[in-house]
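Some notes on the structure that comes next.
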Protein chains: 2
Amino acid sequence: MSDLLERLRGRGWRMTSQRRVVAEVLDGDHVHLTADEVHARAARRLPEISRATVYNTLGELVALGEVAEVSTDGRAKRYDPNAHRPHQHLVCSGCGAIRDVRPTGDPLADLPAQERFGFTVSGAEVTYRGLCPSCA
Amino acid sequence: MSDLLERLRGRGWRMTSQRRVVAEVLDGDHVHLTADEVHARAARRLPEISRATVYNTLGELVALGEVAEVSTDGRAKRYDPNAHRPHQHLVCSGCGAIRDVRPTGDPLADLPAQERFGFTVSGAEVTYRGLCPSCA
DNA sequence: ATCCTACAATGGACAGAGTCCAAGTCAAGA
DNA sequence: TCTTGACTTGGACTCTGTCCATTGTAGGAT
């Protein structure tokens, strides 16, 4: 993730302790934290960080394409740092656990022209649902 | 949709004017109303219907499998009466318009066993994104 | 090393979506 | 028609997220 900090600096980001901590919290695979969870973890290192700053920073990371926004349940959005490798999500209907998955094939290829209604289709998000080993 | 009313009566639903109006509002193809939109339309016919009743009724219709809940944008959930025919959604990134679409193939087939992490996978939701003819 | 200033952080008010609950109402079976 | 348990109501409440005026500070200029 320190290469992320480098990239951001290279893009003219002013590097503040708040932004650094948010970026560090969003490190790793299969990380899908809500904004409040990011705030809670960031606050362990930087107690006075505000919710507004966390929301601002997350929004900027999304706009820069460094983090993906995922909403699997119509509740709080989740933030996925694994934005550079295209992937989909597998969600446990029992406990809400989320795994990144890489299906074979391109979902776009499954949408024939007569099902596109004149739209210019640019992407597809797939959410697989099921029960994780612990919940099954 | 009157066959829906029959089915519900058959399942022991107490038939109230509020429930009837909500069911009638949710009639047609490519209908994807938010709860507030359902409430507004229902209130045109039954001015004193409350928001709580609309939420209750929508929740019951979803639990009975008569209506599908769709959340394409992390904002308000939308309610799709076309629940008996499996389909996916195509969403315009410009204006938010939603079309029901039927891709070929089964998205589940594209998730190989080693990408399932021991989950019992039961379904997949696909959201295609693009620009509709008016927004393109 | 210090100063400047534009950009960033803060926190509190606000808004949108949805849930909960106690009290009142009514559908439908007896 | 009566009765009763299911349904509806509206307002308070929660959760998630946004907005904004004020305060603070990173980092280039001197």
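In what follows, chains carry the letters A, B, and so on, assigned in the order in which the sequence lines appear, proteins first and then strands, with residues in each chain numbered from 1. Here the structure is a predicted model, which is why all the values come from computation and not from measurement.
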Could you give the CG-to-P distance, from A:N56 to C:dG11, as a whole number of Å? 13 Å

Is any side-chain N of the basic residue among A:E60 and A:R11 closer than 4.0 Å to the acidic one's carboxylate O? no

B:M15 CE - C:dG29 C1' separation (whole Å): 16 Å

What is the distance from CG of B:L58 to P of C:dT19, rounded to the nearest Å? 10 Å

Closest non-hydrogen atom pair between B:T34 and B:Y79, with its separation: C-CD1, 4.4 Å

Only one of A:Q88, A:R85, A:H32 passes side chain to side chain donor-acceptor pair (under 3.5 Å) with A:D100; say which it is. A:H32

What's the CZ-P distance between A:R51 and C:dA13, to the nearest Å? 13 Å

A:I49 side, atom CD1; A:R44 side, atom CZ - distance, nearest 0.5 Å: 13.0 Å

Toward the 5' end of DNA chain C, which comes first, A:R14 or B:T16, by nearest nucleotide? A:R14

Identify, residue by residue, the members of residues 41-50 of chain A with a heavy atom below 4.0 Å from DNA chain C, and return them in order of residue number, or none. A:E48, A:I49, A:S50

Please determine if a side-chain N or O atom of B:Y55 lies less than 4.0 Å away from the OP1 or OP2 oxygen of C:dT19. no

Would you kindly say whether A:R102 and A:H87 are connected by a side-chain donor-acceptor distance under 3.5 Å? no

Candidate nucleotides C:dG18, C:dC20, C:dA9, ranked by approach to the side chain of B:A76 - the nearest: C:dG18

Between C1' of C:dG16 and CG of B:D36, the distance in whole Å: 8 Å

Outermost nucleotides of DNA chain D that come under 4.0 Å of a non-hydrogen atom of chain B: D:dG5 to D:dG10

Backbone N or O of B:L61 within a donor-acceptor pair of the B:E66 side chain at under 3.5 Å? no

Rounded to whole angstrom units, what separation is found between the NE2 atom of B:H39 and the P atom of C:dG16? 16 Å

Quick one: do A:V21 and A:V31 end up in the same hydrophobic cluster if we chain Ile, Leu, Val, Met, Phe, Trp and Tyr together by side-chain heavy atoms under 4.5 Å apart? yes

Taking for each residue the nucleotide of DNA chain C bearing the nearest heavy atom, is the 5' side occupied by B:R78 or by A:Q18? A:Q18

Solution key, residues 128-136 of chain A side-chain donor-acceptor pairs under 3.5 Å, sequence neighbours excluded:
{"unit_1": "A:Y128", "atom_1": "OH", "unit_2": "B:P107", "atom_2": "O", "d": "3.3"}
{"unit_1": "A:R129", "atom_1": "NE", "unit_2": "B:E125", "atom_2": "OE2", "d": "2.5"}
{"unit_1": "A:R129", "atom_1": "NH1", "unit_2": "A:T72", "atom_2": "O", "d": "3.4"}
{"unit_1": "A:R129", "atom_1": "NH2", "unit_2": "A:T72", "atom_2": "O", "d": "2.6"}
{"unit_1": "A:R129", "atom_1": "NH2", "unit_2": "B:E125", "atom_2": "OE1", "d": "3.4"}

Between P of C:dG18 and CZ of B:R75, the distance in whole Å: 10 Å

ILVMFWY cluster, A:V67 and A:Y55 together (side-chain gap under 4.5 Å): no

